[in-house]
Amino acid sequence: MKLEIFEPSLCCPSGVCGPEPDKALIDFQNTVVMLSKAMVEVKRYAINQAPLAFTGNPTVKQFITTEGPGKLPLTLLDGKKIKKGSYPNVEDLSGYIPEIKNIKPDSRIIGIFS
């Protein structure tokens, strides 16, 4: 399985940087760790860091054309849209990736940013 996240502009690859990182990005970074434990390949593309990923994917290009970059992030699972406008959480993903329910979040990662 491959999960791709097409994101708005970020200051760094994870978006979890600076003196006050966005809680949604912290939560999503923890979800990414859980997905990797479930053997799901995760690719993240910020529009300012990987613009060719946006223009080279017909689904994403159409999304940007019709809905605009203000509706990012866009999440694709194996090329199909599963969420737009916010980052997916474990509950969102469990319908597509049931094994994620059995994985515990890594408290060390949560603790770094809390």
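Numbers for residues simply follow the sequence, beginning at 1.
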If only atom types and distance count, is the side chain of Asp78 paired as donor or acceptor with the main-chain N or O of Lys2 below 3.5 Å? yes
Closest approach of Leu3 and Leu93, non-hydrogen atoms and distance? CD1-CD2, 4.1 Å
When rounded to the nearest 0.5 Å, the distance separating CD1 of Ile26 from OG1 of Thr31 is 12.0 Å
Got a second to check how far Ser86's OG is from Leu72's CG, nearest 0.5 Å? 11.5 Å
Run through the side-chain heavy atoms of Ile, Leu, Val, Met, Phe, Trp and Tyr, join any pair under 4.5 Å, and report what else lands in Leu52's cluster. none
How long is the straight-line distance from CD of Glu7 back to CG of Asn48, given to the nearest 0.5 Å? 9.5 Å
Do the side-chain N and O atoms of Gln49 and Arg44 include a donor-acceptor pair separated by under 3.5 angstrom? no
Tell me every residue that passes side-chain contact (heavy atoms from CB on, under 4.5 Å) with Ile103, counting only those two or more places apart in sequence or in another chain. Met34, Lys37, Ala38
Under the side-chain contact (heavy atoms from CB on, under 4.5 Å) rule, collect the residues that match up with Pro51, sequence neighbours excluded. none
Minimal heavy-atom distance between Ile64 and Pro69, with the atoms involved, is CD1-CA, 3.9 Å
What pairs with Thr59 under side-chain contact (heavy atoms from CB on, under 4.5 Å), at least two apart in sequence or on another chain? Asn57, Leu76, Lys81
So, for Pro8 and Ala46, which heavy atoms are closest and what is the spacing to 0.1 Å? O-CB, 3.7 Å
Once ring pair (Phe, Tyr, Trp, His ring centres under 6.0 Å) is applied, do any residues pair with Phe63, and if so which ones, sequence neighbours excluded? none
Test salt bridge (Lys or Arg N to Asp or Glu O under 4.0 Å) applied to Asp92 - qualifying residues, sequence neighbours left out: Lys83
Can you sort out the partners of Glu99 under salt bridge (Lys or Arg N to Asp or Glu O under 4.0 Å), two or more places apart, ordered by chain and number? none
Quick one: ring pair (Phe, Tyr, Trp, His ring centres under 6.0 Å) pairs with a partner in residues 33-61, sequence neighbours left out? Phe6-Tyr45, Phe6-Phe54
List for me each residue that meets ring pair (Phe, Tyr, Trp, His ring centres under 6.0 Å) alongside Tyr87, sequence neighbours excluded, and say none if there are none. Phe28
Nearest-0.5 Å distance, OG1 of residue Thr75 to CD1 of residue Ile82: 5.5 Å
Test: side-chain hydrogen bond (donor to acceptor under 3.5 Å, both in side chains). Region: residues 62-74. Which pairs qualify, not counting sequence neighbours? Glu67-Lys84
Given the rule that I, L, V, M, F, W and Y join up when any side-chain heavy atoms are under 4.5 Å apart, are Ile5 and Leu74 in one cluster? no
